[in-house]
Amino acid sequence: MTSDTNKVKASTRTAQGGVAKDLLAGTVAGWAQVFVGQPFDIVKVRLQSSTLHNSALDAAKTILTKEGPAAFYKGTVMPLVGIGACVSLQFAGLQGGKRFFVERNTKSNDPNPTHLSLTQLFLSGAFAGILNSVASGPVEHIRIRLQTQTDNRYKGPLDALGKIYKTDGLKGIYQGQVATLAREGLGYGFYFLAYEYLVQREMARLRIARDELPMTTAALYGATAGYAMWLTNYPLDVIKSRMQTDNLPSQGRKYSSPIDCARQLLAEQGPKGFVRGLVPTLFRSPFVNASTFVVFEVTMRFLNGQ
């Protein structure tokens, strides 16, 4: 009985690790995500925002021949700082949501309060996504502007921020935020639901604590979580990208809202327009998300002295 109790305590150590640890571990995981995913991401954005390329391979070849290898890391400074902040908010939001439901379950005399339901896991993930959108909206907007520009209008992320703010204020910085909120809430709900459910199930099956979970298993579940996210929110991601590459308000925007964007996209490209860029995204996803969760778990173990 004592052994089982210790395992239950150990299994919730991540949720009880404190906001500071959640933020730090999330930041490190975010850096790993950027380095692994940035080349794939620029190809995805080019496919989503224009019809100049026939395929992901065509887009990659064009970038390489016309802009050089360094172009695959265009706009990296902003996501390196920004995505670090975004992922830290994601994990802090997730752990905060999990703590909330553990406390709620405890108060309702649940015999196993740390075993969260699918709904509780989804809501914790959705909260993480919504919290993350506060930072991810402007970070991804600036990154997409830098990735898609061909005239070197913006010299870097700070230059882009300054110029956009000067002409359009915060409304310009947060262009596409409604679509971002929808994408993040839905996508991260399923993202963290998939990962946490699989981890929770594996811990119960093997009767192990979270810090005993093999990193190969964390990598596999992270890859699965990535697919759960993209297969449920990709059309929203396309709409977000198109909203964020649209003209700024001061220049006369093409899309008046996410719904208007969806209608125009459907009229112009049909249903296939909502999945442009999905192939490179699904190819990129397992590498990025496996590394994100492995780095987070390893960092949390280090911070907890394990």
| field | Beyond-backbone contact of Leu282 with Leu231, side-chain heavy atoms, under 4.5 angstrom | value |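 Contact flag for Leu282/Leu231 side chains = yes.
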Short side-chain donor-acceptor distance under 3.5 Å, [Y] and [X]:
X      : Y      : value
Tyr191 : Asn289 : yes
Asn132 : Glu184 : yes
Lys21  : Asn304 : yes
Lys171 : Gln175 : no
Tyr221 : Glu196 : no
Gln90  : Tyr188 : yes

| message | Is it true that, when you exclude Ile259 itself, more than 12 heavy atoms of the residues, nucleotides or ligands shown sit nearer than 6.0 Å to its CD1? | response |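 Not buried by this count: 12 neighbours or fewer within 6.0 Å.
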| query | Centres of the Phe91 and Phe293 rings: under 6.0 Å? | reply |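 Close enough - the centres of the two rings lie under 6.0 Å apart.
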| said: Measuring centre to centre across the rings, with the benzene-like ring taken for any Trp, is Phe274 within less than 6.0 Å of Tyr234? | reply: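 Judged by ring-centre distance (under 6.0 Å), Phe274 and Tyr234 do not meet the cut-off.
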| said: For a quick test of reading the model, state the closest non-hydrogen atom pair linking Ser241 to Ile144 and the distance between them. | reply: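 So the minimum-distance heavy-atom pair works out to OG-CD1, 3.9 Å.
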| request: Quick one: closest heavy-atom pair of Leu94 and Phe192, and the distance? | output: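 Taking every non-hydrogen atom into account, CD2-CD2, 3.4 Å.
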| Would you call Asp246 and Arg242 a salt bridge, using N to O less than 4.0 angstrom? |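 Not counted as a salt bridge, because no side-chain N and carboxylate O are separated by less than 4.0 Å.
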